[in-house]
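The first residue in the sequence is number 1, and the count goes up from there. Remember, it's 1-based here, ligands and their atoms both numbered in the order they're listed.
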Amino acid sequence: MSTAEMVQQNKDFTLVSWSAQGAWNPTIIERGEGVYVYDADGKRYLDWASQLVNVNIGHSHPKVVRAIQEQAAKLCYVNPSFGTPERGRLGELLAEVTPGTLTKTLFANGGTDAIENAMKAARLYTGREKILTRYNSYHGGTFAAASAGGDPRRLANEPGVPWIVRTPDPYSYRNPVYRGRTQEEGDAIIIELIDDIIIREGPENCAAILVEGYSGTSGVIQPSAVYFNGLRALCDKYGILLIVDEVMSGFGRTGEWFGIDHYPNAQPDIMVMAKGITSGYVPLGATIVSEKIAAHFDNNTLWAGLTYSAHTLAMAAGIATIEVYREENLIERARDMGKVLRKGLNDLAEKHPVIGEIRGAGLHQVLELVKNRDTREPLSDYNKPLTEPMQKVAKSLKESGMNVFTRWNMIFNTPPLTVSEAQLQDGLAGLDQALTLIDGYYEG
Ligand SMILES: Cc1ncc(COP(=O)(O)O)c(C=O)c1O
């Protein structure tokens, strides 16, 4: 079958997410190895996005591939009321790598359903209804998870669930609260505003505050410890649970095991993981709860379940993936390579005034592009189709053999944690070339 025929077959018989179908013209990917994927015509792409910021250990890692093959030959599936050696071991590993007293894990198929389970567990544990979240956040695609995120992907299916309360964001580059203030000063005000929201919603109705441990597709927003410590203090004051979503920021992405590890005084009561837990090799989500919450469910039913909870192939993939993070020191590596990446992005900002702000840590960094550094007018608007300069950037990156996640006025820099310094320099050169094409759109 020719490449054109494969494209047509994909278009004729499958639907694509988050897109009008006619606008979809897929590149057909046939294989992946390390930081590269290869299309049906043999063209190589540097995977600067780690696909959807999940293929953290790179493509086709032999250890994980072998673990999946061996597990498939032994046992592919048993129903979730059975135990398996792999399920127990992965649970134990997650208790080891997650912070604080997080101990017992409920498995799901991906981030969305793990978030749903976290919200259910919090509501069952507290007997309260409302979940406080942020506007600049994404927690998944089903009705409740989409309502929880403020991301505009929710809008077309609203009204969503009625028990979500959104709070203001610690987005110092754009939130007016921060004008003339430091990040810490603004963060302290945001916490006061959230305190006020809790009082107005009735603390006795508030089950949990749900936030990303390190924000992702909403723009890698990076508050100070004042924000996270403040959230923890509010939770303690009102008996509310802190749920931290580490679906994107987990497993070394930011140079720590989890994004929340950058804020060691803000221990979560519940943490949600997916993506990097298996590096995307097999779908898996996980909701880990503290000892105290786990003990509650010793005598109270956990009203949540899925046919594929603790799927045996996913358990085997998860164990092998965590072993790869450990054996190859990938968390430390992401921290070190993150410094190389930041230096390269800073150098690009010297050359290209469209770079308004660089945020993030480790291999989880974003460029926010503007028409003018003083007014901060974005180069492409929130929730609008990409403007001409952003389209040019995206096209140039693809032509130069890079797979890059761009959104609105943002370019995400999230390669696999296995990326080498030379591969980072290749990617930075591709970015330089793309940004050169749009220097003329700067209006400063
Ligand atoms: C922070 C965060 N939470 C939850 C999700 C949903 O995960 P999934 O797409 O695996 O259901 C995502 C997906 O991108 C995410 O980035």
Side-chain angles (χ1 to χ4, degrees), residues 16-19 49-56 106-120 122 131 133-154 157 160-161 164 166 169 171 208-223 228 242-254 256-262 268 270-288 304 306 308-309 311 314 317-318 321 359-366 405-408 410 412-414:
V16 65
S17 15
W18 311 121
S19 175
S50 305
Q51 296 307 305
L52 287 178
V53 199
N54 56 339
V55 185
N56 286 6
L106 176 65
F107 291 104
N109 303 319
T112 300
D113 38 346
I115 286 283
E116 297 270 345
N117 285 338
M119 294 194 290
K120 282 186 179 178
I131 310 273
T133 66
R134 271 172 34 185
Y135 270 102
N136 277 291
S137 65
Y138 180 72
H139 296 295
T142 54
F143 275 96
S147 298
D151 187 280
R153 277 171 274 185
R154 78 186 194 281
N157 275 306
V161 302
I164 296 294
R166 291 191 201 93
D169 286 273
Y171 188 6
I209 298 176
L210 163 62
V211 289
E212 289 167 68
Y214 211 106
S215 111
T217 46
S218 304
V220 190
I221 292 158
Q222 207 185 350
F228 273 106
L242 182 60
I243 306 176
V244 173
D245 177 347
E246 292 284 354
V247 169
M248 185 172 279
S249 52
F251 297 97
R253 179 55 47 204
T254 68
E256 297 284 349
W257 270 97
F258 296 97
I260 197 67
D261 294 339
H262 291 274
I270 301 178
M271 186 187 268
V272 179
M273 298 161 276
K275 294 191 188 263
I277 192 171
T278 57
S279 197
Y281 287 37
V282 177
L284 178 63
T287 306
I288 188 165
L306 298 160
Y308 297 124
S309 176
H311 194 285
T321 306
R359 293 187 293 273
L363 295 170
H364 188 65
Q365 302 196 35
V366 73
F405 179 45
T406 53
R407 193 178 196 213
W408 308 326
M410 292 181 279
F412 291 81
N413 303 281
T414 55

Without hydrogens or angle criteria, can the side chains of Ser218 and Arg134 be said to hold a donor-acceptor pair below 3.5 Å?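 No, no side-chain donor-acceptor pair sits under 3.5 Å.
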
Using a distance-only test with no angle check, is there a side-chain donor-acceptor pair under 3.5 angstrom linking His262 and Thr254?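 Result is yes, a qualifying pair exists.
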
Look at the side chain of [X] and the backbone N and O of [Y], then say whether any donor-acceptor pair between them is shorter than 3.5 Å.
X: Thr414; Y: His364; answer: no
X: Ser137; Y: Gly149; answer: no
X: Asn109; Y: Pro283; answer: no

Qualifying residues under side chain to side chain donor-acceptor pair (under 3.5 Å), relative to Thr217, sequence neighbours excluded: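 Thr217 satisfies side chain to side chain donor-acceptor pair (under 3.5 Å) with Arg153 only.
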
Near ligand 1, at a heavy-atom separation below 4.0 Å: residues by chain and residue number: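 Contacts of ligand 1 under 4.0 Å: Gly110, Gly111, Thr112, Tyr138, His139, Gly140, Glu212, Asp245, Val247, Met248, Lys275.
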
